[in-house]
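Let me begin by presenting the structure, written as structure tokens, before commenting on it.
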Amino acid sequence: MQVIHSIKEMQQITKELRKAGNSIGYVPTMGFLHEGHLTLINEAKSNNDKVVISIFVNPLQFGPNEDFDAYPRDIERDENLARNAGVDYIFYPEVGEMYPVDLSTKINVTKRINVLCGKSREGHFDGVATVLMKLFNIMMPDRAYFGLKDAQQVAVVDGVIKDYNIPVELVPVRTVREEDGLAKSSRNVYLTEQERREAPELYKSLQKASQTIFDGEKDLDKVKTAVINAIQEKTSGIIDYVEIYSYPELEEIKEPKGKIIIALAVKFPKARLIDNITFSI
Ligand code: PAF
């Protein structure tokens, strides 16, 4: 495994890999790798000749109240994890390499953002879209892997790839879960024992809601209310949102049709948990 710091060198490598007939699977990350990233890397490994990842904490996607400097970083640990997972190249640029001067253009995401977590993160997805446009041009992958835990990010990336005809296949990867269904997250450790026992109710309520829709329920307000009631009854968490939208458009729908997402965010005193379920009807 090689760690590459310069854009020029990375582009040269990806060009040569492609010329030699290799398919390239790409996992973009901000580092501090966890099991979710390793699942993406595994998926990329099983469908591509070479696997490249990027580790770049992107200042453009941090809001004024979000601490860019405090974002956890540990490149040695990441290198070991990536090597053991069979990554071929890590692209690990400095901020000055990615943004040497003020950009003269920025991507302004206009749809799929003013809902779910995007509502309270103004400008966040502009930053994600802008850095990914650069990274796709540097890594030149055949396939790019994103976790469905952040289904809104997947929806935004889908929009960017389609709008700008980027020749990359977006591969959404299902959420990794604990045995009891709780979505894996580095935040789960901040739950008390009691909250940890309650937390699987989040996914259970989503599963139940999707089953109700499969069973023929057409009234989505009713479905939403059932999810809210279940979470309020069975957990001590405070609901931030429970929403049902078309997916990946993230638009309001009157009744279930086509691909749908039911998404929720619930706050516990020391951890805000998000989860979602997507399915077609
Ligand atoms: O999901 C992330 O870690 C980041 O938003 C991404 C996709 C690497 C872009 O900086």
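Atoms considered below: every heavy atom in the structure, side chains included; atoms not considered: hydrogens, waters and symmetry mates. As the structure is a prediction and not an experimental result, all values here were calculated from the model. Counting convention: from 1, in listed order, for ligands and their atoms alike.
Proximity of a side-chain donor or acceptor of E217 to a complementary backbone N or O of V223 within less than 3.5 Å is not detected. Proximity of a side-chain donor or acceptor of S205 to a complementary backbone N or O of L202 within less than 3.5 Å is detected.
The proximity of T29 to ligand 1, defined as any non-hydrogen pair under 4.0 Å, is limited to the backbone.
Atoms of ligand 1 lying under 4.0 Å from any heavy atom of Q153, numbered from 1 in the order shown and given with element: 1 (O), 2 (C), 4 (C), 5 (O), 7 (C). The P28 neighbourhood of ligand 1 comprises atoms 8 (C), with distances under 4.0 Å to a heavy atom of that residue. Interface of Q61 with ligand 1, defined as ligand atoms under 4.0 Å from a residue heavy atom, comprises 4 (C), 5 (O), 9 (C), 10 (O). With ligand atoms numbered from 1 in the order given, ligand 1 contributes 9 (C), 10 (O) to contacts under 4.0 Å with heavy atoms of V131.
Ring-plane geometry between F68 and F62 is classed as perpendicular, the angle between the planes exceeding 60 degrees on a 0 to 90 degree scale with a lower cut at 30.
Using a cutoff of 4.0 Å between basic side-chain nitrogens and carboxylate oxygens, K218 and E255 are not scored as salt-bridged.
The closest protein non-hydrogen atom to atom 3 (O) of ligand 1 is M30 CG, 3.5 Å.
Separation of the Y164 and F136 ring centroids does not fall under the 6.0 Å cut-off.
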